[in-house]
Number of protein chains: 2
Amino acid sequence: MILTPAAKKFVLHWGEMGQAWGINRTMAQVHALLFVTPEALDAEEISKSLDVSRSNVSTSLRELITWGVVRRVHIIGDRRDRFEALKDVMETFRVIMAERKRREMDPTIALLEHCVVEAKLGGTSEEYTRDQLEKMLEFVRMVTLWYGHIDRLSTSALERLFRNGSRLVKLFGWISPGQDRDPATPDDVEAVESLQPNE
Amino acid sequence: MILTPAAKKFVLHWGEMGQAWGINRTMAQVHALLFVTPEALDAEEISKSLDVSRSNVSTSLRELITWGVVRRVHIIGDRRDRFEALKDVMETFRVIMAERKRREMDPTIALLEHCVVEAKLGGTSEEYTRDQLEKMLEFVRMVTLWYGHIDRLSTSALERLFRNGSRLVKLFGWISPGQDRDPATPDDVEAVESLQPNE
DNA sequence: TTTACATTTCAGTAAGGACAGAACATATCG
DNA sequence: CGATATGTTCTGTCCTTACTGAAATGTAAA
């Protein structure tokens with residue numbers, strides 16, 4: 001079980017990336033390894049490939065399975081558990097988004113709601129703070145709501161959305177709401193009609 | 001300089017959130033504090049409020065300024081530097097996105113390009129790995145390109161985009177490209193015409 | 001220029017998290 | 001029932017990073 005140079009570089013980089021996003025390095029490396037490997041690997045192989053302890057691999061795998069980006073697979077006639085990553089990038093992305101929403105956005109909304117209520121008790125002295133907290137709350141709610149809609153889209157629909165950034169600009173990019181430009185000019189309709197898979 | 005309970009809770013939570021996103025706790029706390037405080041604060045006040053050392057505050061402020069979410073302000077007749085955060089949430093969000101793109105997406109694209117080239121040298125044995133890396137690269141490129149478009153939008157336009165998630169579903173949510181549903185049915189046009197600030 | 005105040009940098013320390021190895025648990029087969 | 005293989009959990013250690021306090025640097029008034 002020796003990694004090719006390309007795989008090795010990717011695994012290392014993914015580990016760094018993980019850290020920048022608050023994810024344990026080994027965990028990110030295990031994920032990267034499984035992502036680029038055609039067959040499901042057992043813990044021993046992962047341990048050897050990344051040169052980390054079995055226990056560390058075990059913990060990382062548990063976490064990755066909890067996140068939903070890795071799953072356990074069994075091969076008949078082999079007692080060992082094997083593991084494989086979600087192989088579809090967009091799907092992986094979605095799963096991670098869903099999990100982060102659940103873990104971070106939802107509790108943040110709850111906390112902000114609490115803080116806003118509490119800040120109201122303070123009267124005028126806390127007015128500014130309350131306003132800011134309310135704005136933040138509104139923003140997080142807005143993003144969460146948006147996410148809720150986007151999450152309903154199929155992978156292919158999501159891809160269309162991503163590939164049509166320029167159309168989004170046309171659709172939403174008039175200067176000031178209702179003042180500068182009509183939202184439904186022929187241009188916009190054309191933009192919708194010409195939705196294409198490429199930029 | 002004593003924090004209200006609401007501000008305190010927010011600051012602490014923001015610190016935790018920061019960690020989950022790979023941001024130093026103190027740094028996130030300083031940002032949270034400045035965000036909910038009406039006036040610009042000097043380093044001493046921040047240090048006292050958060051109960052961390054002056055030097056730690058200094059470092060955190062430097063970082064926050066580098067990120068572009070905090071700026072130095074001067075008050076005539078006072079030698080002390082004071083600091084205030086961007087007060088607009090959406091603007092703050094944009095600045096952070098831009099910085100993360102620069103720091104993480106761009107280098108990731110560069111690395112993936114390199115890896116793909118290298119994996120091609122491996123011939124058929126690395127075929128699968130190369131495919132996966134290519135898919136990942138394509139995804140990151142797609143998101144980056146999309147971001148590039150979205151970033152051109154004004155704050156108000158961005159807000160419209162976020163508040164119209166359901167329209168996006170209508171616009172992009174047909175099942176399979178070109179097969180299941182025409183992209184520009186009357187429904188879609190209506191969806192564009194009725195863009196509204198609220199869900 | 002000196003003094004007082006502010007800020008930054010730096011070196012050592014402390015805290016937290018990652019990690020290895022051992023112990024434990026479970027399961028399969030002789 | 002051992003014996004062997006596999007998987008998990010736990011404990012202590014190590015490493016990284018955050019952090020402090022002190023020293024150095026900078027700056028503005030006296």
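Below, read A as the first sequence line, B as the second, and so on, with proteins coming before strands; counting in each chain starts at 1. The basis for the numbers below is simple: all heavy atoms, side chains too, and nothing from hydrogens, waters or symmetry mates. Note that the structure is predicted; figures quoted are calculated from it, not measured.
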Can a donor-acceptor pair under 3.5 Å be found between the side-chain atoms of Ser55(B) and the base atoms of dG21(D)?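 Such a pair exists between side chain and base.
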Residues in contact with DNA chain C, drawn from residues 14-32 of chain A - heavy-atom cutoff 4.0 Å: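 Hits under 4.0 Å, by residue number: Asn24(A), Arg25(A), Thr26(A).
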Within residues 40-54 of chain A: residues closer than 4.0 Å to DNA chain C (heavy atoms):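 Listed by number, they are Asp51(A), Val52(A), Ser53(A).
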So do Trp67(B) and Val95(B) actually touch side chain to side chain, heavy atoms under 4.5 Å?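 Sidechains of Trp67(B) and Val95(B): no contact.
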Which ones in residues 59-72 of chain A lie close to DNA chain D, meaning a heavy atom under 4.0 Å from one of its atoms?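 DNA chain D contact set from residues 59-72 of chain A: Arg62(A), Arg72(A).
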Expressed in angstrom and rounded to an integer, what is the separation of [X] atom [atom1] from [N] atom [atom2]?
X        : N       : atom1 : atom2 : value
Asp78(B) : dT7(C)  : CG    : C1'   : 14 Å
Ile76(A) : dT28(C) : CD1   : C1'   : 17 Å
Asn56(A) : dA22(C) : CG    : P     : 16 Å

Taking five pairs at each end, how big is the angle between the two axes of the helix from dT1(C)-dA30(D) to dG30(C)-dC1(D), to 10°?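 Answer for the end axes of this duplex: 10°.
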Give the minimum heavy-atom separation between [X] and [Y], together with the two atoms involved.
X        : Y        : value
Leu3(A)  : Ser49(A) : CD1-O, 4.1 Å
Phe83(A) : Leu34(A) : O-CD2, 3.4 Å
Val57(B) : Ala43(B) : CG1-O, 3.9 Å
Arg54(A) : Ser47(A) : N-OG, 3.7 Å

Applying salt bridge (Lys or Arg N to Asp or Glu O under 4.0 Å), can you list everything that pairs with Arg103(B), at least two apart in sequence or on another chain?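 In terms of salt bridge (Lys or Arg N to Asp or Glu O under 4.0 Å), with neighbours along the sequence ignored, Arg103(B) is linked to Glu99(B).
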Which pairs with one or both residues in [range] pass salt bridge (Lys or Arg N to Asp or Glu O under 4.0 Å), sequence neighbours excluded?
range                     : answer
residues 66-76 of chain B : Arg71(B)-Glu84(B), Arg72(B)-Asp81(B)
residues 22-43 of chain A : Asp42(A)-Arg80(A)
residues 9-20 of chain A  : Lys9(A)-Glu118(B)

Linking I/L/V/M/F/W/Y whenever their side-chain heavy atoms sit closer than 4.5 Å, directly or via other members, would Leu137(A) and Tyr147(A) fall into one cluster?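 Yes.
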Hey, can you tell me if His31(A) and Trp14(A) have their rings parallel, tilted or perpendicular (30° and 60° cut-offs)?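 Rings of His31(A) and Trp14(A): parallel, under 30°.
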Cationic N near anionic O, under 4.0 Å, Arg130(A) to Glu126(A):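 Here Arg130(A) does not pair with Glu126(A) in a salt bridge, since their nearest N and O are not under 4.0 Å apart.
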Can you check each nucleotide of nucleotides 23-30 of chain D against protein heavy atoms at under 4.0 Å and return B for base, S for sugar-phosphate only, - for none, in 5' to 3' order? ----BS--
Which residues pass the side chain to side chain donor-acceptor pair (under 3.5 Å) test with [X], sequence neighbours left out?
X         : answer
Asp131(A) : none
Arg141(B) : Glu113(B)
Thr144(B) : none

